[in-house]
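This structure is a prediction, so every number in the text was calculated from the model and none was measured. We use all heavy atoms of the structure for the numbers below, so side chains are in, but hydrogens, waters and symmetry mates are not. Letters go in sequence order (proteins before strands), and every chain restarts at 1.
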Number of protein chains: 2
Amino acid sequence: MIKPRSRRGGGRPTIADVARKAGVGAITVSRALRDPGRVSEDLRRQIESAVNELGYVPDPNARALASARAEVFGVLVPSLTNNVFAEVVRGIYDSLSDGPFRIQLGNTHYSGLEEERLLQVFGPQRPAALIVAGIDQTPASRKLLETAGCPVVQVMETGPDPVDMMVGFSHFEGGKAAAEHLIEAGYRRIGFIGARMDPRSQRRLAGYRAAMEAAGLFDARLTTTTPVPSSVTLGRELFRDALAKLPSLDAVFCNNDDIALGVLFECHRASIAVPKTIGIVGFNDLDMMEVAFPSVTSVRTYRYEIGRRAVAMALAAIEGNRPESRVVDLGFELKRRESTAR
Amino acid sequence: MIKPRSRRGGGRPTIADVARKAGVGAITVSRALRDPGRVSEDLRRQIESAVNELGYVPDPNARALASARAEVFGVLVPSLTNNVFAEVVRGIYDSLSDGPFRIQLGNTHYSGLEEERLLQVFGPQRPAALIVAGIDQTPASRKLLETAGCPVVQVMETGPDPVDMMVGFSHFEGGKAAAEHLIEAGYRRIGFIGARMDPRSQRRLAGYRAAMEAAGLFDARLTTTTPVPSSVTLGRELFRDALAKLPSLDAVFCNNDDIALGVLFECHRASIAVPKTIGIVGFNDLDMMEVAFPSVTSVRTYRYEIGRRAVAMALAAIEGNRPESRVVDLGFELKRRESTAR
DNA sequence: GCGGCAAGTGGTAGCGCTACCATGACGTTG
DNA sequence: CAACGTCATGGTAGCGCTACCACTTGCCGC
């Protein structure tokens with residue numbers, strides 16, 4: 001008798017087809033696939049060959065419905081084009097590409113409300129884990145994370161009060177180290193140039209300010225910021241503004257490397273000597289900072305590693321062994337280069 | 001009587017809860033949510049308020065299982081950190097953020113086999129549409145795309161034989177335009193510097209070669225390529241190699257802007273005058289090319305727009321009205337700047 | 001006045017899988 | 001040797017939703 005294929009399913013083999021072919025129960029096939037150790041050697045081989053012959057692939061939707069748990073990692077980042085987050089995301093993908101987990105990526109556009117909305121979309125899918133950038137969730141987002149019923153990793157920053165786990169570093173300390181380096185190098189009128197000014201930028205600014213105040217060098221006029229999204233073009237413009245406002249400026253700590261690059265190009269264009277007349281420090285240490293001329297001092301951060309570590313921690317938590325320390329600080333490293341070597 | 005909550009579902013309201021509260025059948029709730037026009041005004045309002053009161057959110061997994069169609073766009077790109085693809089992806093996200101569709105992003109690492117593997121993973125999810133970068137799928141990948149049973153958009157390139165739909169531009173023409181521009185500007189020993197050399201880079205190289213041969217200027221020694229992934233650092237190194245090999249070089253067409261930037265920095269470092277001694281043309285026209293000093297001529301491509309258009313076409317196809325022209329060429333524009341103005 | 005048709009609604013039967021419990025075949029122990 | 005685990009396997013009953021068909025109205029045309 002010809003088995004009447006369902007009108008709905010596109011005719012792909014189901015677990016029942018495999019079970020029939022292998023002469024076992026459907027549940028045994030399910031087990032053989034998910035936890036081979038619990039099925040005898042014999043049946044396992046039979047099932048395996050039936051799977052291969054039929055080209056059976058489990059339906060992730062049915063699996064998610066039945067087990068009330070989807071093999072999905074939800075990932076929330078503020079930007080897809082900012083290289084910094086792209087690196088984190090790459091680390092996450094590379095760590096997850098072997099396993100069964102899919103990734104659902106959300107772009108919050110640096111908006112707390114958008115983050116809330118995305119968490120509301122992710123929740124009903126019952127993801128296996130959630131990875132979110134930053135530690136400044138809105139109260140509503142925080143509640144959504146706390147009640148998600150899965151491991152949660154906050155990345156990019158460390159802070160005192162993790163929802164669950166955290167991997168990152170201290171932006172405050174990074175900003176402080178950058179400013180201290182400029183002070184040590186002999187610069188005195190050290191400006192801060194920042195764009196977008198998201199919470200991480202704010203903390204870098206705070207670190208800068210702490211160092212400047214400690215050295216008795218802080219002056220509000222040294223700070224030039226804008227909420228506008230960061231770009232190389234903007235870096236150039238902000239630097240011109242800063243210089244117009246305060247011609248005595250002798251160094252700048254830039255919020256990020258795009259800004260620093262804009263400053264560097266403007267110095268070339270205006271024939272301002274770097275590092276002699278102006279010292280430049282960036283943040284994140286993109287690949288090109290080392291190649292730039294002059295090479296640019298920057299605070300190296302370990303974005304890719306943050307992504308990998310976040311996945312490792314989430315995976316461990318899924319398997320029931322949460323790491324003993326819920327907050328991992330991967331630190332940073334100040335890379336001293338020509339742009340501050342005077 | 002207390003309704004015994006299932007042991008599996010986490011206690012979230014289901015469609016049956018909403019139906020009971022609104023005093024209607026479950027199926028009517030389903031319709032009210034998916035196609036409000038088919039439910040009377042009265043019931044619609046009742047259902048709506050029941051949904052709000054209970055905080056009901058449909059379970060996407062159950063929905064996908066029952067309807068054999070997930071509200072998911074599968075997106076396959078060769079790299080997450082390459083700004084070019086990041087822009088395409090951003091366009092896709094921005095176009096999809098309003099609607100019900102989720103996005104599942106896969107990173108093929110420029111590997112045909114990896115692409116196949118990812119398509120095999122995406123298939124069983126029954127995505128609503130697939131967007132893949134490039135037109136050089138392996139035969140197996142092509143078959144998977146053809147039998148996916150959903151709209152497929154190939155992006156970044158145009159070509160003669162779309163699986164379904166295409167949005168992009170001609171890399172051959174882009175490379176040709178770049179070389180022709182250098183020839184017109186009076187350069188004669190025009191090199192090509194390329195890294196990674198994926199199919200798109202190959203076609204740019206072919207365009208360059210066509211222009212050079214047409215002008216009687218082609219010389220195999222002018223071409224410097226490597227399969228190594230592209231970076232600013234690598235651009236610098238390749239340029240040094242090229243110059244060592246052929247000191248008479250008077251211009252370079254770079255595979256992409258990272259390489260061009262590496263060349264520019266090396267020229268600064270080695271005090272080579274740009275554009276006088278060496279002319280430089282990049283590809284893609286990243287934001288910073290305009291700000292660089294000297295500003296760098298580049299072939300502007302419309303990555304973000306490609307992403308948006310791909311989604312628009314897929315969405316139209318889902319609704320049953322495929323666009324009349326299945327291949328959309330968004331073109332490019334050669335941006336002439338200081339680096340070739342001699 | 002009756003068949004026919006469209007619009008609005010609901011019941012039933014799955015979608016493909018897994019949680020839960022039951023079963024039977026083996027030891028193992030005192 | 002009875003009582004009791006343990007292991008491997010299977011049956012049943014859903015998970016939450018939608019496709020499909022059936023039913024009830026009310027209105028039209030002849």
Side-chain angles (χ1 to χ4, degrees), chain A residues 3-20 22-47 51 54-71 100 123-126 128 149, chain B residues 3-20 22-47 51 54-71 100 123-126 128 149:
Chain A
K3 179 159 56 64
R5 275 284 176 214
S6 133
R7 63 239 126 127
R8 290 150 93 173
R12 280 214 319 268
T14 72
I15 203 168
D17 296 326
V18 177
R20 209 172 305 126
V24 300
I27 192 68
T28 305
V29 175
S30 173
R31 270 197 286 260
L33 262 44
R34 289 179 306 148
D35 191 359
R38 295 184 40 190
V39 174
S40 71
E41 183 64 26
D42 270 16
L43 290 191
R44 196 157 63 224
R45 259 203 304 274
Q46 252 166 276
I47 289 167
V51 164
L54 293 171
Y56 169 72
V57 184
D59 181 329
N61 298 124
R63 189 173 261 191
L65 180 59
S67 66
R69 194 46 76 200
E71 294 186 314
Q125 285 184 71
R126 307 174 169 286
Chain B
K3 180 159 54 65
R5 274 284 175 213
S6 133
R7 61 238 128 137
R8 290 149 94 175
R12 281 214 318 268
T14 73
I15 202 168
D17 297 325
V18 176
R20 209 171 304 125
V24 299
I27 192 69
T28 305
V29 175
S30 173
R31 271 197 286 259
L33 261 45
R34 288 180 307 147
D35 190 0
R38 293 183 42 193
V39 175
S40 70
E41 184 64 26
D42 270 15
L43 289 191
R44 196 157 62 222
R45 259 203 304 274
Q46 251 166 277
I47 290 168
V51 164
L54 294 171
Y56 169 72
V57 184
D59 181 329
N61 299 123
R63 187 172 263 189
L65 180 60
S67 66
R69 197 43 79 198
E71 293 186 314
Q125 286 184 70
R126 307 172 170 285

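Applying the side chain to side chain donor-acceptor pair (under 3.5 Å) rule to pairs touching residues 55-65 of chain A yields nothing, sequence neighbours excluded.
For B:Q125, the side-chain hydrogen bond (donor to acceptor under 3.5 Å, both in side chains) test picks out A:R102, B:Q104, with sequence neighbours left out. Every residue two or more places apart in sequence or in another chain was checked for a side-chain hydrogen bond (donor to acceptor under 3.5 Å, both in side chains) with B:R38, and none qualifies. With sequence neighbours left out, A:R69 forms a side-chain hydrogen bond (donor to acceptor under 3.5 Å, both in side chains) with no residue at all. Legend: residues meeting salt bridge (Lys or Arg N to Asp or Glu O under 4.0 Å) with A:D35, ordered by chain and number and at least two apart, are absent. Applying the side-chain hydrogen bond (donor to acceptor under 3.5 Å, both in side chains) criterion to B:R31, with sequence neighbours excluded, gives no partner residue.
Residue A:Y56 has its side chain nearest to C:dC17 when only C:dC17, D:dG16, C:dT18 are considered.
As a whole-Å value, the separation of B:R126 CZ from D:dT18 C1' is 14 Å. Atom CD of A:E71 is separated from atom C1' of C:dT18 by 12 Å (rounded to the nearest Å). For the pair B:R63 CZ and D:dC17 P, the computed distance is 8 Å after rounding to whole Å. Remark: P of C:dG16 and CG of A:N61 are 11 Å apart, rounded to the nearest angstrom. A straight line from CG of B:L33 to C1' of D:dG16 spans 13 Å, rounded to a whole angstrom. One atom, CG of A:L54, and another, C1' of C:dG16, lie 15 Å apart when rounded to the nearest Å. The CG-C1' distance, from A:D35 to D:dT9, rounds to 14 Å in whole Å. Here the P atom of nucleotide C:dC20 and the CZ atom of A:R34 are 11 Å apart, to the nearest Å.
Taking the C1' atoms of five terminal pairs at each end of the helix from C:dG1-D:dC30 to C:dG30-D:dC1, the two resulting helix axes are inclined by 40°, rounded to 10°.
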Is there a side-chain contact (heavy atoms from CB on, under 4.5 Å) between A:R44 and A:I47? Walk through the geometry before answering.
CA-CA 5 Å; A:R44 196 157 63 224; A:I47 289 167; 5.9 Å; no
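Scanning both residues, B:P60 and A:P124, for their nearest heavy atoms gives CD-O, 3.7 Å.
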Nucleotides 7-12 of chain C: protein proximity per nucleotide (B base, S sugar-phosphate only, - neither; heavy atom, under 4.0 Å)
--BBB-
Which pairs of donor and acceptor atoms, one on a side chain in residues 22-29 of chain B, lie under 3.5 Å apart (sequence neighbours left out)?
none

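Close to D:dC17, at under 4.0 Å from its OP1 or OP2, lies no side-chain N or O of B:S67.
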